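Worksheet: one structure, shown below.
In each ligand, atom 1 is the first atom listed, and ligand 1 is the first ligand listed. Bear in mind that the values here come from a model prediction, so they are computed numbers and not experimental data. Basis for what follows: all heavy atoms, side chains included, without hydrogens, waters or symmetry-related copies.
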Amino acid sequence: MSALSLPSRPNTPPASEPPESELIYEGKESLIYRRVRGGRKEILKLLKPACVTPERLVRFRQEHELVGTLSGEPRIVGAYGVEKLETCPAIVFEDCGAQSLKQILDVRTFGLVETLTVAVAVAEGLGAIHAARVIHKDINLANIVMNRETGLVKIIDFGIANRMPRENLGLVSPRVLQGTLAYILPEQTGRMNRVVDYRSDFYSFGVTLYQMLTGALPFTTNDALELIHWHIAKQPTPPCHAMPEIPEVVSAGRVNSRGRLAVRQTPVVETNRTIASHPW
Ligand SMILES: Nc1ncnc2c1ncn2[C@@H]1O[C@H](COP(=O)(O)OP(=O)(O)OP(=O)(O)O)[C@@H](O)[C@H]1O
Ligand SMILES: [Mg+2]
């Protein structure tokens with residue numbers, strides 16, 4: 001397979017880049033390309049050259065393996081394989097013509113029914129992930145993609161996922177915490193003296209839905225320790241306070257009786273019922 005040279009800015013590939021390859025995302029550690037190969041649409045995930053360390057390569061391969069164990073799951077983006085490029089390996093994923101919910105929310109809001117429809121799809125995806133004894137650990141708007149024409153929703157990015165059914169973390173510095181801090185389960189910060197299990201994904205899922213419903217995160221601060229403290233101790237404003245049209249049952253699904261953010265373990269049936277009873 002031919003090598004990719006790495007452009008410095010998204011959507012402005014240098015002349016040496018294969019013509020069918022377009023850089024669509026440049027993150028802290030990853031570069032994401034879109035291309036068509038042999039008539040097949042593909043997404044390529046690469047490590048940035050500066051991030052190619054033995055530890056990171058191990059995690060990169062784990063990401064590919066974990067996605068492989070979920071192969072065929074309709075709510076999980078599928079992987080075709082690993083390709084050796086000049087500078088590093090790339091994971092080749094299916095391209096379902098989707099964008100992340102974050103990218104979509106940047107340009108428009110989500111309606112209630114659309115949010116609940118996405119919620120059902122993500123709950124199905126999490127069901128499949130957990131049935132395979134995998135914890136995703138980084139559910140957020142950037143790691144869920146949706147095809148805006150077909151409405152197809154899939155979960156991506158198993159970069160920090162693992163197989164451990166339960167994980168006991170010691171006190172961890174906010175600088176080295178895995179996952180996206182605004183979505184992180186208090187237990188995942190090591191500050192609750194409790195083990196982390198698959199339910200951490202439901203917590204992050206709750207934050208994600210909160211953001212889809214209200215357009216805002218439940219807690220916003222630039223101070224990492226303060227954010228962790230608020231997730232442990234503070235009650236978020238119920239979504240129905242921000243948007244009165246949000247039914248109580250949906251709002252309550254995001255903020256539980258102890259005032260903690262949460263999505264119940266089996267939200268699909270309940271969410272489907274809410275969609276069916278919705279007047280629109
Ligand atoms: N299959 C896909 N379909 C559509 N967009 C995708 C796909 N895979 C990745 N992307 C886009 O690329 C972004 C980053 O991908 P991914 O979440 O896998 O990388 P990451 O590990 O979070 O990277 P970093 O940590 O460097 O930010 C996603 O938020 C999404 O916008
Ligand atoms: Mg990601």
What's the shortest heavy-atom distance between Arg61 and Pro89, and which atoms? NH2-CG, 4.1 Å
Can you name the nearest heavy-atom pair linking Ile139 to Ser204, along with the distance? O-CB, 3.2 Å
Would you say the side chain of Thr69 lies within less than 4.5 Å of the side chain of Arg163, judging by non-hydrogen atoms? yes
Scanning both residues in full, the closest heavy-atom pair of Cys96 with Asn147 reads O-ND2, 2.9 Å
Taking 2.8 Å as the limit, list every protein N, O or S atom around the Mg ion (ligand 2), by chain and residue number. Asn143 OD1, Asp157 OD2
Looking at every non-hydrogen atom in both residues, tell me the closest pair between Asn140 and Thr208 and how far apart they are. CA-OG1, 3.4 Å
Residue from Ile144, Asn143, Ile32 passing side chain to side chain contact (heavy atoms under 4.5 Å, CB included) with Ile156: Asn143
If you group Ile, Leu, Val, Met, Phe, Trp and Tyr by side-chain heavy-atom gaps below 4.5 Å, do Ile91 and Leu57 land in one group? yes
Any chance you could lay out the side-chain contact (heavy atoms from CB on, under 4.5 Å) test for Gln62 and Arg59, step after step, and finish with the verdict? CA-CA 5 Å; Gln62 273 170 2; Arg59 204 140 50 80; 4.3 Å; yes
Kindly tell me which protein residues have any non-hydrogen atom under 4.0 angstrom away from an atom of ligand 1, grouped by chain and ordered by number? Tyr25, Gly27, Lys28, Glu29, Ser30, Ile32, Arg34, Ile43, Lys45, Val77, Glu94, Ala98, Ser100, Gln103, Ala142, Asn143, Val145, Ile156, Asp157
In terms of the angle between their ring planes, are Tyr198 and Phe202 parallel, tilted or perpendicular, with boundaries placed at 30° and 60°? perpendicular
